[in-house]
Number of protein chains: 2
Amino acid sequence: MMQNLTPHAITRKSLHQELVDRLQPLIISGELIPGTKVPEKMLCTRFGVSRTPLREALKVLASDGLVRLEPNRGAWVTSVTVGEVEEVFPVLGALEALSGELACKCVTSDETDAVRKLHAQMIKSYETRDLDTYFAINQKIHRAILLAARNDTLTTSCQALSLRMQRARYLANMTEGRWYAAVQEHENILKFLIDKDGKSLARTLLDHMDAKRASVIQWLEMQNEPSEPV
Amino acid sequence: MMQNLTPHAITRKSLHQELVDRLQPLIISGELIPGTKVPEKMLCTRFGVSRTPLREALKVLASDGLVRLEPNRGAWVTSVTVGEVEEVFPVLGALEALSGELACKCVTSDETDAVRKLHAQMIKSYETRDLDTYFAINQKIHRAILLAARNDTLTTSCQALSLRMQRARYLANMTEGRWYAAVQEHENILKFLIDKDGKSLARTLLDHMDAKRASVIQWLEMQNEPSEPV
DNA sequence: AATCTTAATTTTGAATTCAAAATTATGTCA
DNA sequence: TGACATAATTTTGAATTCAAAATTAAGATT
């Protein structure tokens, strides 16, 4: 078999970047528990690195809001609060709306086809009530639109804020009614993208995000009744 | 005189954060020259710190796009490129538009009064063609609106992107015609804020940002004719 | 037994050290 | 002289070390 001559380009990643990329999933998956201290020693052992690059990675994660650094008291895994959700979703909404508008200006037919396919898959997973798959494809659709907008700055900003909202599985929680509505919204999202109707797509993405915000808030408030978050 | 009993709260800043705050101005003022290598050794001496916290700060600055880390080749001061401006300004526009909309929902009379005063000062500096002062007050107005929106996430996101655009003195360059137009736009910004007309304020801030983008691009392309940026 | 002190231990923050990579300087040969 | 190879030096990345701060444990006092 032929060998790939450009194995991974010249993508030597620095150790701290590698650690950022490895720690993010640990945080958003909830393996590192919100409100607890980041186990520096354990992570050093686990990844086979010294404290220096790990601590560099924690500084970066802190600037993204995934951990909080307390002077002389170490790094703590942040948890999603109602206040944070109320703040982040409107910003994310504005950015996604922009992504829709920009995407309509320069999206290719290959890209719309890809979204169309993703959409069909997503509908299928809605029909079988496979929430995990639905959620994964949903993310891919939003990301595909984002990439179609061809604006790295926008992609990076959205990505950072999305990550903060993806911690634990808050977003994957939906009532039957909300799920149905979300699917309807996605029908429109697909339609407006195909029609290259930027204004309508932007409006729909914004409303979609606001509905998501409301749904997440509702879930969070239900969760928080027993005990307060850290 | 009475002593302030909450002197600075418990705001012990970590060394790396202090360094981030000190390095940012060096980069946006152009003291650290775009396209050149960040003089690690010199900065360690200057700030009297070892390489460890300085390098931590550089990782954070890199994630904000103010420096670029090249594996085994050190940190380089990034320069503003046409492509970057074309990317960042639309995002900044969307965020400022949102700040206008949110601000109109909850701005206090004290805050509008403050903006009114800043606006008057800014007009004065326009009349005397004091560009530096004009520019400084201009920033304060935008920041005041941002703060009135009461959304820390939005503030942080805007701030980060603004910083990237503030490198060197690109933004302070204006033709007489553009300057006049900018002042007119600001008259409207003030008016819509006072009227709490969120939609119009958002629209005006968006257009304002787009005009600024065009002006910066024009200036950049003029600059770049002699030699290419790094 | 409960609270306060003080001592031991651990953790944190940052300087130092050290190996690997990159850069510069030196020498060789056409 | 100029192109190339090799050695010396510098710079970088990351582990280690060390002092200061925080936490925990132990002991004293009521």
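Just so we're on the same page: letters track the sequence lines, and every chain starts at 1.
Residues A:R150 and B:E87 approach most closely at O-OE2, 4.5 Å, considering heavy atoms. Across every non-hydrogen atom of A:R164 and A:V80, the tightest pair is O-CG2, 3.6 Å.
Distance from the side chain of B:N72 is smallest for C:dA21 among the nucleotides C:dT23, C:dA21, D:dA22.
You'll find the side chain of A:R22 stays beyond 4.5 Å of the side chain of A:L43, heavy atoms only.
Taking side-chain N and O atoms only, A:K37 has a distance below 4.0 Å to OP1 or OP2 of C:dT12.
Inspection of the A:R167 and A:T78 side chains reveals an N or O donor paired with an N or O acceptor under 3.5 Å.
When rounded to the nearest whole Å, the span between CG of B:L19 and P of C:dA15 equals 9 Å. Protein atom CD of B:E70 is 14 Å distant from nucleotide atom C1' of C:dA21, rounded to whole Å. Between B:L69 atom CG and D:dT11 atom P the separation is 18 Å, expressed in whole Å. Distance B:L15 CG to D:dA19 P: 18 Å, rounded to the nearest Å. With rounding to whole Å, A:E40 atom CD is found 14 Å from D:dA15 atom C1'. In this structure, B:K41 atom NZ and D:dG13 atom P are separated by 15 Å, rounded to whole Å. For the pair A:K13 NZ and D:dG13 P, the interatomic distance rounds to 16 Å; values are reported in whole Å. Protein atom CZ of B:F47 is 15 Å distant from nucleotide atom P of C:dA14, rounded to whole Å.
Ion pairing between a basic and an acidic side chain is recognised when a charged N comes within 4.0 Å of a carboxylate O; A:K212 and A:E96 show no such pairing. Ion pairing between B:R68 and B:E84 fails under the 4.0 Å rule for side-chain N and carboxylate O.
Sequence order on DNA chain D of the closest nucleotides to A:R73 and A:H16 puts A:H16 first from the 5' end.
By the 30° and 60° cut-offs, the orientation of the rings of B:H208 relative to B:H186 is perpendicular.
Annotation: proximity of residues 49-62 of chain A to DNA chain C (heavy atom, distance under 4.0 Å) is found for A:R51, A:R55, numbered in ascending order.
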